[in-house]
Amino acid sequence: MRTAARPAVVSLNGSRGAADGPAVPMSPQDLAESAVRAVAAGAAEVLVHPRTPCGRESLSPRVVGPLLEVLRGAGVGVPLTVPASIGAEPDPAERRARIRAWTVLPDRAVVHFAEPGAAALALALLERGVAVDAVVPLAGPAGPEPLERLRSWLTRIPGAGADGVRVAAEITGPRTDTFRAGPGRPTEAVARAGLPAGWREPPPGGVLLFGRDGASWPTLRLAARCGTAARTGVGDVLHLPDGRPARSNAELVAAARELLPREV
């Protein structure tokens with residue numbers, strides 16, 4: 001019986017710029033071409049950081065909307081995600097205002113629960129019909145507060161709102177050998193990676209594990225063992241598992257597919 005590798009989320013650009021090498025797509029057209037090739041390589045979702053012509057991250061509808069239209073117009077048929085972070089707009093109230101002004105909506109948005117105003121921002125996105133990737137760092141200088149803040153907020157979301165929230169746990173160190181769990185048990189996996197003991201059931205919207213640079217490939221292997229969603233792409237890592245520089249997002253996705261579990 002034929003099987004297919006579980007696809008990954010691809011982070012097209014992240015905080016990278018032209019100085020990070022030719023693998024980083026810069027213009028909307030380059031981003032669209034990179035996304036098409038990454039999806040062909042097996043990516044199931046695309047994360048893209050919208051930028052102004054001068055390279056600044058932006059939540060402006062005049063920046064977000066046209067970029068999403070370029071990607072969809074190029075034939076990128078998988079869900080599109082944009083970050084709604086302090087890097088694009090420092091003021092929490094202004095971030096919410098920008099989101100309410102969007103005329104073209106992404107499928108998902110990334111909200112960092114270590115940043116001020118995260119809960120109100122996530123709720124504003126859900127009210128607009130945009131699913132949320134709620135990022136919480138596991139270990140690191142932020143401590144346990146973002147995770148506790150997210151857990152508390154999820155219990156207060158009315159109705160089925162929590163179904164639109166995926167917990168995106170960022171592994172901030174290169175070692176994952178202490179985060180072991182059996183395949184197909186994402187709740188146990190994430191709990192062992194640092195979630196509070198009070199989380200007895202899987203988060204309704206699922207779990208995504210990711211890491212950056214030196215933590216990226218060890219975290220992807222962890223996600224493969226645990227059966228969670230995973231993320232790769234030049235926004236997270238610029239090298240392949242064997243240390244060679246990655247030439248494209250598609251090459252990173254193809255390498256990730258080799259590590260992720262296979263489904264019938």
Side-chain angles (χ1 to χ4, degrees), residues 9 11 44-49 59 61 64 68 78-140 142-172 184-210 223 226-231:
V9 179
S11 176
E45 299 176 31
V46 169
L47 167 63
V48 60
H49 287 231
L59 291 175
V64 174
L68 294 176
V78 301
L80 300 179
T81 303
V82 301
S85 68
I86 200 169
E89 174 52 60
D91 181 71
E94 187 59 27
R95 282 202 298 275
R96 294 193 298 274
R98 293 284 193 180
I99 286 165
R100 293 187 178 107
W102 283 349
T103 56
V104 180
L105 295 177
D107 300 283
R108 307 186 72 91
V110 175
V111 176
H112 291 262
F113 268 71
E115 297 179 353
L121 179 64
L123 186 58
L125 286 160
L126 293 174
E127 288 172 348
R128 295 222 61 192
V130 178
V132 170
D133 273 352
V135 175
V136 287
L138 300 185
E145 288 81 5
L147 202 54
E148 292 291 354
R149 193 179 304 134
L150 171 61
R151 185 170 73 91
S152 174
W153 175 70
L154 283 173
T155 64
R156 301 194 307 271
I157 299 177
D163 293 343
V165 181
R166 178 167 62 186
V167 176
E170 180 178 6
I171 308 297
T172 56
R185 302 176 69 181
T187 304
E188 179 183 347
V190 177
R192 293 189 180 194
L195 285 182
W199 284 38
R200 301 298 185 186
E201 299 296 330
V207 175
L208 166 72
L209 293 181
F210 72 101
C226 299
T228 71
R231 199 176 88 185

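Only a predicted model underlies this, so the values are computations on that prediction, with no experimental measurement involved. FYI, side chains are in, hydrogens and waters are out, and symmetry mates aren't considered; it's all heavy atoms of this structure. In this chain, numbering begins with 1 at the start of the sequence shown.
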Taking every non-hydrogen atom, the tightest pair across Ala44 and Pro79: O-CD, 3.4 Å
Let me check something: any side-chain donor-acceptor pairs from residues 120-132 under 3.5 Å, sequence neighbours excluded? List them with distances.
{"from": "Arg128", "atom 1": "NH1", "to": "Ile99", "atom 2": "O", "distance (Å)": "2.9"}
{"from": "Arg128", "atom 1": "NH1", "to": "Arg100", "atom 2": "O", "distance (Å)": "3.4"}
{"from": "Arg128", "atom 1": "NH1", "to": "Trp102", "atom 2": "O", "distance (Å)": "2.7"}
{"from": "Arg128", "atom 1": "NH2", "to": "Trp102", "atom 2": "O", "distance (Å)": "3.4"}

Atom pair CD (Glu115) and CZ (Arg149), whose distance is rounded to the nearest 0.5 Å: 10.0 Å
All ring pair (Phe, Tyr, Trp, His ring centres under 6.0 Å) counterparts of Phe113, not counting sequence neighbours: Trp153
Under 3.5 Å: donor-acceptor pair, side chain of Glu170, backbone of Thr172: no
Minimum heavy-atom distance between Pro106 and Leu68, given as atom pair plus value: N-CD1, 3.6 Å
Working for side-chain contact (heavy atoms from CB on, under 4.5 Å), residues Val82 and Val48: CA-CA 5 Å; Val82 301; Val48 60; 4.2 Å; yes
For Pro146 against Pro137, the heavy-atom pair lying closest together: CB-CD, 4.1 Å
Separation between CG of Leu147 and CG of Leu138, rounded to the nearest 0.5 Å: 6.5 Å
Nearest non-hydrogen partners of Leu150 and Ala134, listed with the distance: CD1-CB, 3.7 Å
Main-chain N/O of Ser152 paired to Thr155 side chain as donor or acceptor, under 3.5 Å: yes
Closest approach of Arg95 to Ile86 (non-hydrogen atoms, all atoms of both residues): NH1-CA, 3.6 Å
Exercise: identify the closest heavy-atom pair between Thr228 and Val207: CB-O, 3.6 Å
Arg166 side chain to Gly206 backbone, donor-acceptor under 3.5 Å: no
Arg108 side chain to Leu80 backbone, donor-acceptor under 3.5 Å: no
Gap separating the NE2 atom of His112 from the OG atom of Ser85, nearest 0.5 angstrom: 5.0 Å
Nearest-0.5 Å distance that lies between atom CG in Leu59 and atom NE2 in His49: 11.0 Å
